[in-house]
Amino acid sequence: MTIILCEGPDGTGKTTLAKNEFPDYEYIHNGVFPTPMHAYNEYKRQISQWNQNSNVFVDRQHISERIYGSAYHGIFMDDMLYHEIDNMLYERSAIVVLCLPKYEVSVRNWASRASLEMLSSV
């Protein structure tokens with residue numbers, strides 16, 4: 001079993017990386033959850049369902065809660081819950097990949113999506 005957690009801002013190539021380099025992996029895309037507790041429960045459920053024979057590519061996971069939880073909820077996941085998810089992933093030897101292209105590349109990608117929400121903070 002191989003678990004790859006891919007983190008990074010919108011428009012940095014996480015989905016493209018998954019589709020081009022890991023096409024045979026189960027692909028999971030996590031968006032924004034309504035509350036930190038909902039996020040915790042969903043991440044825990046996902047991890048517990050991965051079996052020994054599956055390869056999984058996860059587009060955003062608990063690491064993003066530090067940024068998006070604060071931006072969307074004004075709070076982020078409690079440290080104890082955050083570390084519990086960390087431990088579950090550590091036990092499964094998860095690999096974390098951080099996608100951080102040059103700022104100009106991200107802005108170009110955001111603009112090509114014509115998403116005002118994404119551009120409002122640029």
Side-chain angles (χ1 to χ4, degrees):
M1 166 176 60
T2 301
I3 300 169
I4 299 173
L5 303 178
C6 194
E7 295 283 350
D10 292 338
T12 59
K14 299 180 301 295
T15 303
T16 301
L17 177 66
K19 291 179 180 177
N20 291 341
E21 302 298 325
F22 303 95
D24 297 332
Y25 281 49
E26 176 186 353
Y27 176 77
I28 298 171
H29 180 270
N30 287 311
V32 177
F33 294 104
T35 66
M37 187 53 81
H38 185 203
Y40 164 78
N41 288 330
E42 181 59 21
Y43 298 143
K44 190 172 177 180
R45 183 195 66 74
Q46 286 176 5
I47 295 166
S48 66
Q49 288 185 339
W50 300 334
N51 63 50
Q52 296 291 345
N53 300 320
S54 60
N55 292 319
V56 182
F57 187 101
V58 184
D59 185 339
R60 285 222 179 96
Q61 233 258 353
H62 73 299
I63 297 168
S64 290
E65 284 297 312
R66 291 289 190 203
I67 298 165
Y68 291 101
S70 179
Y72 284 98
H73 315 298
I75 55 173
F76 49 78
M77 190 184 299
D78 178 87
D79 282 344
M80 297 236 355
L81 301 179
Y82 187 89
H83 291 302
E84 184 178 337
I85 298 295
D86 265 349
N87 289 336
M88 291 175 73
L89 292 165
Y90 177 78
E91 291 170 359
R92 290 164 176 78
S93 301
I95 299 165
V96 176
V97 175
L98 184 59
C99 289
L100 291 176
K102 291 181 179 181
Y103 179 73
E104 296 79 19
V105 172
S106 294
V107 170
R108 186 184 66 235
N109 291 342
W110 298 335
S112 72
R113 294 180 183 185
S115 171
L116 296 177
E117 178 181 333
M118 294 169 81
L119 291 174
S120 64
S121 62
V122 175

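Positions are given from 1, in the same order as the sequence printed here.
With hydrogens and angles disregarded, a donor-acceptor distance shorter than 3.5 Å links the side chain of Asn30 to the backbone of Arg60. Of the possible donor and acceptor atoms, none in the side chain of Gln61 sits under 3.5 Å from a partner among the backbone N and O of Glu7. Judged by distance alone, with hydrogens and angles left aside, the side-chain atoms of Lys14 form no donor-acceptor pair with the main-chain N or O of Cys99 at under 3.5 Å. Judged by distance alone, with hydrogens and angles left aside, the side-chain atoms of Arg92 form no donor-acceptor pair with the main-chain N or O of Thr2 at under 3.5 Å. Of the possible donor and acceptor atoms, one in the side chain of Ser48 sits under 3.5 Å from a partner among the backbone N and O of Lys44.
Between Leu5 and the choices Ile28, Leu89, Val56, Leu98, the side-chain contact (heavy atoms from CB on, under 4.5 Å) rule is met once, by Leu89.
Hydrophobic clustering of Ile, Leu, Val, Met, Phe, Trp and Tyr side chains at less than 4.5 Å, counting indirect connections, keeps Met1 apart from Tyr27. Cluster annotation: Ile3 and Phe22 are assigned to distinct hydrophobic clusters (Ile/Leu/Val/Met/Phe/Trp/Tyr, side-chain heavy-atom contacts under 4.5 Å, transitive). Met37 and Ile47 fall within the same hydrophobic cluster, defined by Ile, Leu, Val, Met, Phe, Trp and Tyr side-chain heavy atoms under 4.5 Å apart, directly or through other members. Side-chain heavy atoms closer than 4.5 Å link hydrophobic residues (I, L, V, M, F, W, Y) into clusters, and following such links, even through other members, never connects Ile95 to Val58. With hydrophobic clusters built from ILVMFWY side chains whose heavy atoms lie under 4.5 angstrom apart, Leu17 does not share a cluster with Leu100.
To the nearest 0.5 angstrom, Trp50 atom CH2 is 8.5 Å from Met88 atom CE. Atom CD1 in Ile85 sits 8.5 Å away from atom OH in Tyr43 (nearest 0.5 Å).
Contact detail for His62 and Tyr82: the closest heavy-atom pair is O-CE1, 3.3 Å.
Annotation: side chain of Phe57 is not in contact with side chain of Glu21 (no heavy-atom distance under 4.5 Å).
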